[in-house]
Protein chains: 2
Amino acid sequence: MKKQRNTRQRQLVLDVVLARGDHPTADQVYADARAIDEKISRGTVYRNLHTLAARGDILQVKLPDVDRYEELADRHYHIICTECGAVYDAPIPYDDTLDRRASEISGCDIKRHRTTFEGRCPECKQRCE
Amino acid sequence: MKKQRNTRQRQLVLDVVLARGDHPTADQVYADARAIDEKISRGTVYRNLHTLAARGDILQVKLPDVDRYEELADRHYHIICTECGAVYDAPIPYDDTLDRRASEISGCDIKRHRTTFEGRCPECKQRCE
DNA sequence: ATGGGTGCAAAGTGTTTGCAAGTAT
DNA sequence: ATACTTGCAAACACTTTGCACCCAT
């Protein structure tokens, strides 16, 4: 891997993701970063999110529609509210026996799985009734 | 729900998805449909895929990057090859106790979950070694 | 006849990239 | 000094939409 530099912008992108503590999209990271450094560009934010995720400093959460990012953590699942789009960590532990079972039965070399629950968050659930 | 018509184009889109038996993207469906009706437009294919999925005639498979579609079937998981992008049905049964557990613990009203395994399919696995 | 559906092209999203200038090492 | 990074804008890939015409019911 080629040697990487620590630029002000890269540090800022990392700080923003860590400061939020939730699951921002690239565009939300851009907005937050822009509030601090009004010169930083979208391209730089996208590039640094990729760099940081590849390097393992943050996690990329692949969900339908848009990718999101979060602080580094153990493997876990997510809940996405189908009404308001909010994303939460799910309170169900990662089941790594599934990866072994799927590998054996399918003949694939399964590295991991991603599970996303869909439903209504407490607020939307209440508002809809 | 408003009354829907059965047009030649809508039937064609449905036929194409059923004929494939795999997990085509909208663009693949468009290509297949176009091979039969060289006048059908992309917009029509996209609109009909939505209509058919909403109506329950086909399933929409929400995966990262692009949505895919497949024949109507019971809930099940998918395997996506990280090398070649191929998508398969996973040989692991849908675990609906997870939805109940996640609902109880999180306070959300969970309707379902989607699980996608990531790894290398048998061909890519072999080719890479 | 009537309102849902179609083809077309333009507009939207979300993301990537080429390039010249800037900067961390 | 070197080559990784940046800002900018253009380009991309995928999808949605406005509109006038068409056709299934």
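Just so it is clear, the values below take in all heavy atoms, side chains as well, and ignore hydrogens, waters and symmetry mates. Residue numbers start from 1 in every chain, and the chains themselves are labelled A, B, ... in the order their sequence lines are given, proteins ahead of strands.
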For this session: Report the C-alpha separation of B:Asp27 and B:Thr25 in whole Å, then their side-chain angles, then the decisive distance to 0.1 Å, and conclude whether the side chain to side chain donor-acceptor pair (under 3.5 Å) test is met.
Result: CA-CA 5 Å; B:Asp27 213 61; B:Thr25 62; 5.8 Å; no

Exercise. Has B:Arg10 got a side-chain N or O lying under 4.0 Å from the OP1 or OP2 atom of C:dG5?
Worked result: yes

Exercise. Checking A:Thr82 side chain against A:Gly119 main chain: does a donor-acceptor pair fall under 3.5 Å?
Worked result: yes

Problem set entry | Path from A:Ile110 to B:Tyr77 over hydrophobic side-chain contacts below 4.5 Å | yes

Exercise. What integer distance in Å separates B:Asn6:CG from C:dT6:P?
Worked result: 10 Å

Exercise. Is B:Arg47 side chain donor-acceptor paired with the C:dG4 base, going by distance under 3.5 Å alone?
Worked result: no

Problem set entry | Check: B:Arg5 side chain, C:dG3 base, donor-acceptor under 3.5 Å | yes

Problem set entry | Backbone of A:His23 reached by a side-chain donor or acceptor of A:Arg68 within 3.5 Å | yes

For this session: Mind checking A:Asp27 for me? I need base, sugar-phosphate or nothing, with any heavy atom below 4.0 Å counting as a touch.
Result: nothing

Problem set entry | D:dC14 phosphate, OP1 or OP2, under 4.0 Å from B:Thr25 side-chain N/O | no

Seminar exercise, completed: Rounded to whole Å, CZ of B:Arg42 lies from C1' of D:dT16 at a distance of 13 Å

For this session: Mark yes or no for whether B:Arg34, through its side chain, and B:Ile40, through its backbone, hold a donor-acceptor pair below 3.5 Å.
Result: yes

Exercise. Roughly, in whole Å, what's the span from OH in A:Tyr30 to P in D:dC8?
Worked result: 8 Å

Problem set entry | B:Tyr46 side-chain proximity, nearest of C:dG7, C:dT23, D:dC14 | D:dC14

Exercise. Between the base of C:dG5 and the side chain of B:Arg8, is there any donor-acceptor pair under 3.5 Å?
Worked result: no

Problem set entry | Phosphate contact (D:dT5 OP1 or OP2) by A:Thr7 side-chain N/O below 4.0 Å | no

Seminar exercise, completed: Picking from C:dT6, D:dC8, C:dG7, the nucleotide nearest the side-chain atoms of A:Ser41 would be D:dC8

For this session: Whole angstrom is fine here: how far is it from CD1 in B:Ile40 over to C1' in D:dC22?
Result: 15 Å

For this session: Measure the distance from NZ on A:Lys39 to P on D:dC8 and round it to the nearest whole Å.
Result: 7 Å

Problem set entry | Side-chain N,O (A:His50) to OP1/OP2 (C:dT15) below 4.0 Å | no

Exercise. In whole angstroms, how far is the P atom of C:dT15 from the CG atom of A:Leu49?
Worked result: 9 Å

Exercise. Atom CZ of B:Arg34 and atom P of C:dT6: how far apart are they, to the nearest Å?
Worked result: 14 Å

Exercise. Does B:Gln9 make a side-chain N or O approach to OP1 or OP2 of D:dC23 shorter than 4.0 Å?
Worked result: no

Seminar exercise, completed: Separation of C:dT13 atom P from B:Asp67 atom CG, nearest Å, is 17 Å

Problem set entry | Side-chain N,O (A:Asn48) to OP1/OP2 (D:dT6) below 4.0 Å | yes

